[in-house]
Novice: 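Structure incoming, see below.
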Amino acid sequence: MSNSEAKPRIGVFVCCCGSNIAGYVDVPAVAKYARTLPNVVLVQENLYTCSEGGINEIKNAIVEQQLNRVVVASCTPRTHEPLFRNSCKEAGLNPYLFEMVNIRDQCSWVHMKEREKGTEKAKDLIRMGVAKAAMLTPLDSVELGVTHSALVIGGGIAGMSAAESLAGMGYPVILVEKQRRLGGLLNQLHKIYPGARDPRALLEEHVDRVTKDARITVITDAEVQSVDGYIGNFNVGVSSDGRTRLYEVGALVVATGATVRQPPDGVYEYDGRRVITQIQLERRLSEGIDPAPRNVVMVQCVGARVRERPYCSRICCQIAIKNALEIRRLFPDTHVSILYRDLQMYGVANEEMLRKAKEAGVRFMYYDVDRPPEVENEHVKISHQLLGKELDLPADLVILSTPLVANEDAPRLSGLLRVPLDANNFFLEGHVKLKPLDFASEGIYLCGSARYPANLAESIAQGLGAASRAATLLSKEHLYTSGITASVNPESCVGCLGCVQTCPFQAISFDPEQGVCKVNPVLCKGCGTCAATCPSQSIQLMGFTPKQLYAQIDQVLADD
Amino acid sequence: MLDAGRHPNIHLLAYSQVEELKGEVGNFTVRVRMKARYVDENKCTGCGTCAEKCPTPVLDAYNRNLAHRRAIYKYFAQGIPSVYTIDTEHCRQFQGKKCGVCAKVCQAEAVDFEQQDRILDLNVGAVIAATGYDLFDASRIPEYGYGKFPNVMAAIEFERLLSAGGPTAGHVVRPSDLQAEEACRSLDKQILKLSRSLDSLEKKYGMSSKDFLDRPADVKPDPQDDLVRWSELYKEHQDLVIARDALKEKVEHSHADKLAFVQCVGSRDFRFNAYCSGWCCMHSIKEAIIAKEHNPETQSYIFGMDIRAVGKGFEEYKIRGGKDSEITYIRGRVAEITETEDHQPVIWYEDTRERKVKHLPVDLVILATACEPSKGTRELAEILGVELDAYGFIKSDPSHPVDTSVPGIFTCGCAQSPIDIPESVAQASSAAARAAEAVLSRKAAA
């Protein structure tokens, strides 16, 4: 019933917000002023516009006064904009023909001691809001279907946990694993602590569950070749057995893990025989070491927390101490020394394990980053800072604790999925603190060591967490985009790709046939970065177009 | 918080407590007591007029007793739900005195002194215990002087100082200076009172107090007790002015540039908690960096055993902190903290890398106190029937990291063990996944 071609009939609702606004701003004066503004046909004062009474007043006024624009002058859009938009919609008015003016946080609250100035400012703000409202156009949101299934890339413990959880919630899952068998790094472990448990039992339990669950399709010896589409509607090409098959899914989970770094030959005299890595030790412990070593020396932070690789790989201290406890258990006469820079045994379980290791006779020796130990033929030399002495430790087996590094194919996968990597090539999550398992791009989730080195409990927890994140999407029947999205005018766009490069959500693509850029309204979050970048104003953010913004700006000083 | 408060599928019961749990996974009955706020949540708009007019100041626990709030209050400004609550222990009305100002000024008519606790019986398929943590009371370590020395603070108190919305608007002010400022204000009041009395005497005799005391001996005002009283008043006045000016001078020249952060207070300690609290090394580094941003003269010393920066980006942050924010990491546990006459704390420690016992005077000490299971965890565990570990955290197994000993009851975050923000957020999703699975798989089977 209301459209943008008709002359604007603007209704202005000025809120008292109890005394939050009315106590500091002369609301009747502001309302009186609003009546003088162009295109304004109705002005009402409310005690609380967000109350049921206030909302009804808006809805009634839209119908009775044939309003085709609504301006509410009250608090911040962050609180009630969705409520007011919905109210307009319920009364039959396009929800985007609504403008909110903040005369509380940005006016009454900050000018509490300046009633006159605050009142004048409120008038200015409303004048600006009314001017913009007159320029608003109706906007639509798009309704999308959702494919209610997921694809998990990586069949290690994190990936399997994610797949099991999703299947348990009722969603079909495709589990794609690069290797011939599931299990990832768990396959190479000798024992898991605490409790000196056999990882094979845990592994079998999970492999059993994923292979037997009718909802989970396991594809091993397989690789993701292509990813098209977007949230709720992905098309993934997976190659295995010489052919590529396409799978339609709604959500993707990245659980590709990480790789144990093998030091280059010679570093710390690494030779894979007498000087080995922790993962190689796990294998030897499983196969049985005979004869028993007499003196084992472990060196922490080999190739980690150094200039070339500044990060801490977080789990290597736990691994070293676990293996040290194993060696002491299997060979009670063997001496084990761990040379460390910081003992990263964070939390409850790890600290307990550290204590047990000390009680079991494992020796811990501190070394400074500037004076690393030297591995020699039968000895390891350490500059023991806490004793102030150079020590010569006999060592017939030297274990180097190396970090987990990002998989070599991480860049390839990141390109396919169009998700970012961090400086160390680990996948970069949406928000380091608050969105650890999401990407900024929607519909794709992350867990396990693909994100950052994680131990068993953390990998399982994150796998479950990623499943939960994916399920939040998959549980919806439809997705609705916001009406506030960017749009390209193909007539003036020259295809400079500035917007494509600045979009944080990968929502803009280039159409080579037409030579112009195109916005995917599903992915667009309405941030406006593209509109600010475009040199020809070809891409504009609906609801914040240059025309609308200039109308506001022109009104800032209009009354002076 | 806002998302949780507004989500159509989340029914938020704040100020509430679980009292009983019966049943099993898929079909629990949970009895919840919703405590009376004496404010109707449905009417209150969070406008704040009630607190503005409330006459009763109360020490503000949110600001760690460094500031005051009112008897009707919101725990903190951004709290969800955005409603006020009456603290009946301090409210005049509830303590039998006459008031009711909040009810009078509330335009939404939301104040209800007759409100009762409500009991709700919920039928749910799964339960998640995410009851978080409380902090170790550092006064249990008397050799650190917490509670005795004003300039020895707990990290959570320091966070309030650093906060722009906190009691000092983000300025790092030493508590001894805050106390001195408070004393100055009190002296100012007394001086004002005395000035008024002196004023009336000066008017009566037509001369200033100073002139009166300097007068030659033969000029006598009358009568005798005026004379004595006047000179006593004046002397008192002068003494107070001198004391106040001295305090003011001290505060002006006081600074909180040299900060000492003491790690493992109550953690990795066989006397209290043997475990590592996981996140304290990082928050000390963060606080040192923020303090430096605020005051470029800041120098920080972090005394620790291992500086555990294990999260994503944390090691780089720690190194950057050292370089750009003048943080010196000292490997040595603090043995004792003493203080000088001027409330200057002195740290006594062994620098293990130099193998020397040293001491360091600083301006402010911040104690990184341990993470302990939140108060009431033991009682809750009994109600839920879940096992606790040896330290009182809710027990779980590494291969089922968010499951408790009771099927259908899950846990996450620091209730389970000390973990940082990204891990807590991830675990929250994990617990949600397990709970959803528990409910949905039963739905399908039913």
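Letters A, B, ... are given to chains in the order of the sequence lines, protein chains preceding strands, and every chain is numbered from 1. Predicted, not measured: the structure shown is a model, and the values here were computed from it. Basis for what follows: all heavy atoms, side chains included, without hydrogens, waters or symmetry-related copies.
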Novice: I'd like to know if the side chain of Arg314(A) reaches the main chain of Ala309(B), judged simply by a donor and an acceptor atom lying under 3.5 Å from each other, with no hydrogens or angles considered.
Specialist: no
Novice: Considering non-hydrogen atoms only, spot the tightest contact between Tyr48(A) and Cys47(B) and give its length.
Specialist: OH-SG, 4.2 Å
Novice: Between chain B and each of Cys17(A), Pro82(A), Cys16(A), count heavy-atom pairs under 4.5 Å; write down the option with the most.
Specialist: Pro82(A)
Novice: Of the listed residues (Gly347(A), Gly168(A), Gly170(A)), which shares the most heavy-atom pairs with chain B below a 4.5 Å separation?
Specialist: Gly347(A)
Novice: At what distance, to the nearest 0.5 angstrom, does CG of Leu47(A) lie from CD of Gln107(B)?
Specialist: 5.5 Å
Novice: Can a salt bridge be assigned to the pair Asp306(B) and Arg341(A) using a cut-off of 4.0 Å between side-chain N and carboxylate O?
Specialist: no
Novice: Salt-bridged, Arg308(B) to Glu351(A), with N to O below 4.0 Å?
Specialist: yes
Novice: What are the residues of residues 422-432 of chain B, in order of number, with any heavy atom under 4.5 angstrom from a heavy atom of chain A?
Specialist: Pro422(B), Glu423(B), Val425(B), Ala426(B), Gln427(B), Ser429(B), Ser430(B), Ala432(B)
Novice: Using heavy-atom distances under 4.5 Å, tell me whether Leu437(A) contacts chain B through its side chain, its backbone, both, or neither.
Specialist: side chain
Novice: With chain B as the partner, which of Ala467(A), Ala454(A), Gly388(A), Cys447(A) has the greatest number of non-hydrogen pairs under 4.5 Å?
Specialist: Gly388(A)
Novice: What part of Arg451(A) gets within 4.5 angstrom of chain B, counting heavy atoms only: side chain, backbone, both, or neither?
Specialist: both
Novice: If you tally heavy-atom pairs under 4.5 Å against chain A, which of Phe393(B), Tyr391(B), Phe314(B), Trp279(B) wins?
Specialist: Tyr391(B)
Novice: Verify side-chain hydrogen bond (donor to acceptor under 3.5 Å, both in side chains) between Tyr366(A) and Arg331(B), making sure each step is shown before the conclusion.
Specialist: CA-CA 11 Å; Tyr366(A) 173 83; Arg331(B) 192 178 180 283; 4.9 Å; no
Novice: So, Lys318(B) and Asp342(A), do they make that salt bridge, N to O below 4.0 Å?
Specialist: yes
